[in-house]
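First comes the structure, then the notes that go with it.
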Amino acid sequence: MATLVIQDAVGTKSNATAPASAMYNQNARTTWWAWLDSSDGLSPPSVTDGFDVNSTSAVGTYALNPVTWSITGPDGSGPITMGSQDGTVANKRTFYAPTPGRWLLRLTAHEYIPDPDSPGAVILAETPDEFSVVLEIQDPSVLGVTSTDAASIMALNERNEFDPDEGWGRTLERYLSTVSKMAGGRRIASGVNRSGVTVDIGSPVTLHSECLKGWKSTQPSLLDYQNYNIQFDLAEGTDSDIPTATIFLVLHDSVAAGERSYLLVDGIVPFNTNTINNGSPAVVGASVYINNAGELDTNPGTYERKVGKVLVVGLDTDTIPGSIEFDGSSSSAHVHAASVFAESNNPIKAIPPVGKVGGVGQNVREWLTEVFFP
């Protein structure tokens with residue numbers, strides 16, 4: 001049986017490796033070429049037509065008419081652009097994939113078969129054969145158990161093209177697992193490690209100077225905000241910008257430079273609180289900061305930044321685990337408001353006593369309480 005093959009601009013073909021029905025981890029905004037190849041093996045030595053291009057009606061070839069071509073892409077991607085070429089080697093059919101997801105290309109065609117009622121004669125099979133191939137552009141945000149496990153949104157009507165053994169089931173499991181992670185009292189994001197070094201699980205990180213970056217050559221915009229990736233860097237208490245920076249907590253282990261990780265935005269998570277007091281156990285209710293070594297600790301770094309508090313003391317692996325409440329949201333609005341309020345010369349604004357100016361590391365409620373109700 002023939003194979004529906006797709007190829008990119010540099011010559012990479014879907015039938016180069018198993019399964020021949022899928023092209024994994026490709027870039028968007030690229031024109032692809034498709035044709036029906038006569039070979040059903042991997043990496044055939046040459047490109048050959050599966051269609052009857054010489055009008056010989058040879059057994060095993062497929063008629064150019066009638067045929068049906070269809071392509072299914074992600075919802076919201078706009079009109080899908082597919083050419084009208086006949087899909088032969090000389091006149092390959094083109095299509096264009098602009099957004100992340102899985103793009104399912106299907107072809108139905110009728111094969112020339114021996115006529116069972118007339119030995120030596122050839123007829124066109126009444127029932128068409130169906131051919132399909134999937135192009136994957138990975139999801140910018142959804143990951144699996146490790147930082148290198150990726151996912152992509154399944155195509156409508158997809159069966160087992162993407163994975164002959166698991167079909168689309170593994171993909172669905174990773175999306176539902178992501179929902180489950182957020183249902184336990186936490187918000188998470190996904191980002192790319194731009195620090196240049198491997199980052200461990202539980203490390204505080206902050207936004208890289210580039211902040212966001214378009215994913216897999218997609219056309220990002222505010223409307224298509226899901227096509228961006230957060231870019232993150234190390235967060236340390238020696239950084240003068242840390243008091244007002246956005247902070248996340250890395251949720252994948254050993255995230256290599258350039259790899260992605262889930263990031264905690266805020267919420268309650270298990271954490272080893274037996275060692276976050278300069279290597280000693282913390283106490284319940286203690287504030288959690290970022291220290292100079294770029295770790296969570298109940299002792300602040302040079303520039304104070306509070307990111308949570310201790311809820312339970314213990315190991316993160318205990319039945320009742322050590323746990324913290326984490327909130328890495330930017331405190332810039334709080335700090336600036338408190339600073340203006342404290343440093344004003346307007347007596348109506350009640351200038352606080354010396355030593356209470358600034359409110360660094362505190363929200364407005366904490367600052368007001370400390371100043372007026374010590």
Side-chain angles (χ1 to χ4, degrees), residues 6 8-10 12 22-32 71-83 94-105 134-144 147-156 158 162 171-172 174-175 177-179 181-182 187-196 199 205-235 241 245-252 255-266 328-330 332:
I6 58 174
D8 64 13
V10 297
T12 305
M23 280 287 284
Y24 301 114
N25 192 20
Q26 301 298 308
N27 284 340
R29 291 198 294 166
T30 297
T31 298
W32 288 80
I71 186 168
T72 306
D75 184 28
S77 59
I80 299 173
T81 303
M82 183 167 66
T94 59
F95 68 96
Y96 185 79
T99 61
R102 298 216 283 258
W103 299 77
L104 176 63
L105 183 66
V134 165
L135 168 69
E136 178 194 42
I137 303 169
Q138 290 181 354
D139 192 283
S141 302
V142 177
L143 302 171
S147 61
T148 56
D149 290 336
S152 51
I153 298 175
M154 305 86 73
L156 292 176
E158 179 184 322
F162 186 76
T171 296
L172 182 60
R174 287 179 179 168
Y175 278 89
S177 175
T178 301
V179 173
K181 287 178 171 67
M182 294 187 290
R187 287 192 300 158
I188 64 173
S190 175
V192 177
N193 177 12
R194 294 290 301 279
S195 69
V199 179
V205 293
T206 188
L207 291 173
H208 184 268
S209 59
E210 291 184 355
C211 189
L212 296 172
K213 191 173 183 180
W215 172 252
K216 295 291 181 182
S217 299
T218 54
Q219 182 65 58
S221 66
L222 179 58
L223 179 63
D224 297 307
Y225 59 87
Q226 74 276 9
N227 294 341
Y228 286 105
N229 274 126
I230 290 173
Q231 312 289 296
F232 68 83
D233 207 340
L234 302 178
D241 292 329
T246 300
I247 306 296
F248 306 100
L249 198 66
V250 174
L251 296 178
H252 275 106
V255 183
E259 293 291 348
R260 291 179 293 164
S261 175
Y262 279 144
L263 307 169
L264 181 65
V265 177
D266 57 52
S329 301
S330 172
S332 57

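Side chains of L263 and V250 form a contact here, defined as non-hydrogen atoms less than 4.5 Å apart. Side-chain contact check for N193 versus F232: some heavy-atom pair is nearer than 4.5 Å. Contact annotation: the side chain of Y96 never approaches that of T30 to less than 4.5 Å [non-hydrogen atoms, C-beta and beyond]. Residues T178 and I188 have side chains in contact (heavy-atom distance under 4.5 Å, counting atoms from C-beta outward). For the pair W215 and D139, the minimum side-chain heavy-atom distance is 4.5 Å or more. A 4.5 Å side-chain heavy-atom check between P140 and Y225 finds every atom pair outside the cut-off. Counting only heavy atoms from C-beta outward, the side chains of Y262 and V142 approach each other to under 4.5 Å. A heavy-atom distance below 4.5 Å is not found between the side chains of L104 and I71.
In plain terms, the two heavy atoms of W32 and T12 that are nearest each other are CZ3-O, 4.5 Å. Minimum interatomic distance between P74 and G101 (heavy atoms only, all atoms of both residues): CG-CA, 3.8 Å. Residues P220 and Y228 share a closest heavy-atom pair of CB-CZ, 3.3 Å. Shown here for A189 and I230, the closest heavy-atom pair between the two residues is CB-CD1, 4.0 Å. The nearest pair of heavy atoms linking S195 to L234 is CB-CG, 3.7 Å.
A distance of 9.0 Å separates NE2 of H208 from NZ of K213, quoted to the nearest 0.5 Å. Distance check: S152 OG to I137 CD1 gives 9.5 Å after rounding to the nearest 0.5 Å. Here the CG atom belonging to L105 is positioned 9.5 Å from the CG atom belonging to L135, to the nearest 0.5 angstrom.
Neither side chain, R260 nor S190, offers a donor N or O lying under 3.5 Å from an acceptor on the other. Between the side chains of S147 and E259, no donor N or O sits under 3.5 Å from an acceptor N or O. Counted by atom type alone, K216 and N25 present one or more donor-acceptor pairs between their side chains at under 3.5 Å.
Of the possible donor and acceptor atoms, one in the side chain of T206 sits under 3.5 Å from a partner among the backbone N and O of T246. Between the side chain of Q231 and the main chain of N229, a donor-acceptor pair closer than 3.5 Å is present. Side-chain atoms of H252 never come within 3.5 Å of backbone atoms of V199 as a donor-acceptor pair (strictly under, hydrogens ignored). Without hydrogens or angle criteria, E158 side chain to A155 main chain gives a donor-acceptor distance under 3.5 Å. Of the possible polar contacts, none joining the S177 side chain to the Y175 backbone as a donor-acceptor pair under 3.5 Å is found.
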- Message: What verdict does the side-chain contact (heavy atoms from CB on, under 4.5 Å) test give for W103 and V134, after you've listed the backbone C-alpha separation in whole Å, the side-chain angles of each residue and the deciding distance to 0.1 Å?
- Response: CA-CA 6 Å; W103 299 77; V134 165; over 6 Å; no
- Given the rule in the side-chain hydrogen bond (donor to acceptor under 3.5 Å, both in side chains) test, do S217 and R29 qualify, once you have shown the distances and angles that lead to the verdict? CA-CA 6 Å; S217 299; R29 291 198 294 166; 5.9 Å; no
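Checking D224, I153, T218 one by one against P100, the side chain to side chain contact (heavy atoms under 4.5 Å, CB included) holds for a single residue, T218.
The neighbour count for K181 NZ, taken as heavy atoms of other residues, nucleotides or ligands under 6.0 Å away, is above 12.
Ring pair F162/Y24 is perpendicular by interplanar angle, where above 60° counts as perpendicular and below 30° as parallel.
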